[in-house]
Amino acid sequence: MAKRIHVINGPNLNMLGSREAEIYGTVTLKQIADACAEHAKRLGLELEFHQTNSEGKLVDLIQAARGVADGVVLNAGAYTHTSVAVRDAIVAAGVPVVEVHLSNIFAREEFRHVSHISPVAAGLICGFGATGYILAINALAARPAN
């Protein structure tokens with residue numbers, strides 16, 4: 001059975017391509033989704049791709065990975081820095097999570113240097129733009145099966 005990866009995106013990521021291109025680039029979320037799907041297929045992985053602006057829905061998506069996904073690529077957007085609920089959902093789901101950010105959060109505003117996700121994530125990838133998603137998929141694919 002193929003490994004199953006869920007890619008979950010938080011608030012404002014639906015605006016990629018037109019939102020602050022100097023920070024986030026010009027790649028759209030659809031282009032990222034297509035690249036992830038193509039890469040997962042090459043690796044023999046099953047992939048689900050989601051985006052929500054709602055904190056509660058983000059928690060629901062993380063919880064839904066429990067027992068069905070072998071790993072989660074999570075770009076929680078601004079909820080990274082504010083949501084204990086997202087952190088708790090990761091712990092409750094018990095699925096390895098790779099935290100991804102398009103920009104280098106440590107080279108930006110001070111408030112972005114704090115992540116509630118990093119302490120409970122399997123790893124963190126930031127600053128590599130859309131390529132970070134591919135790196136995260138590779139990292140999860142390389143992990144031993146649950």
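We number each residue from 1, following the sequence as shown. Only this structure's heavy atoms are used, side chains among them; waters, hydrogens and symmetry mates stay out.
Leu102 and Met15 fall into different hydrophobic clusters, where Ile, Leu, Val, Met, Phe, Trp and Tyr residues are linked whenever their side-chain heavy atoms come under 4.5 Å apart, directly or through other members. The hydrophobic clustering, which links ILVMFWY residues whose side-chain heavy atoms are closer than 4.5 Å, places Val86 and Val91 together. Linking Ile, Leu, Val, Met, Phe, Trp and Tyr whenever their side-chain heavy atoms come within less than 4.5 Å puts Ile117 and Ile8 in one cluster. Placement of Ile5 and Leu124 in two distinct hydrophobic clusters is found when ILVMFWY residues are connected by side-chain heavy-atom separations under 4.5 Å, directly or transitively. In the hydrophobic clustering of ILVMFWY residues, with side-chain heavy atoms under 4.5 Å counting as a link, Phe49 and Leu13 come out together.
Counting only residues at least two apart or in different chains, side-chain hydrogen bond (donor to acceptor under 3.5 Å, both in side chains) contacts with residues 74-83 comprise Glu55-Ser83, Asn75-Tyr133. Contacts classified as salt bridge (charged side-chain N to carboxylate O under 4.0 Å, His left out) and involving residues 75-103 (residues at least two apart or in different chains) are not found. Screening residues 26-35 for salt bridge (charged side-chain N to carboxylate O under 4.0 Å, His left out) gives Lys30-Asp34 as the qualifying pairs, with residues at least two apart or on separate chains.
When side chains are defined from C-beta on, Val27 does not count as touching Leu16, because their heavy atoms never get closer than 4.5 Å. The closest side-chain heavy-atom distance from Val120 to Val97 is not below 4.5 Å. In this structure, the side chains of Leu74 and Leu58 come closer than 4.5 Å at one or more pairs of heavy atoms.
The OG atom of Ser118 sits 6.0 Å away from the CD1 atom of Ile105 when rounded to the nearest 0.5 Å. Interatomic distance, CD of Gln51 versus CG of Asn12, reported as 8.0 Å (0.5 Å rounding).
Of all heavy-atom pairs spanning Pro96 and Leu140, the tightest one is O-CD2, 4.0 Å. Between Ala136 and Val100, the closest heavy-atom pair is CB-CG2, 3.6 Å.
Every side chain to side chain contact (heavy atoms under 4.5 Å, CB included) that Ala89 has, sequence neighbours left out, goes to Val59, Ile62, Gln63. With sequence neighbours left out, Leu43 forms a side chain to side chain contact (heavy atoms under 4.5 Å, CB included) with His39, Leu45, Ile137, Asn138, Ala141. With sequence neighbours left out, Asn104 forms a side chain to side chain contact (heavy atoms under 4.5 Å, CB included) with Phe106, Ala107, Cys126.
Remark: the backbone N or O of Thr52 is not paired with any side-chain donor or acceptor of Asn14 at under 3.5 angstrom. Checking side-chain atoms of His113 against main-chain N and O of Arg108 turns up a donor-acceptor pair under 3.5 Å. With hydrogens and angles disregarded, a donor-acceptor distance shorter than 3.5 Å links the side chain of Lys3 to the backbone of Arg143.
Tested against His6, the residues Leu47, Leu61, Val68 include a single side chain to side chain contact (heavy atoms under 4.5 Å, CB included) partner, Val68.
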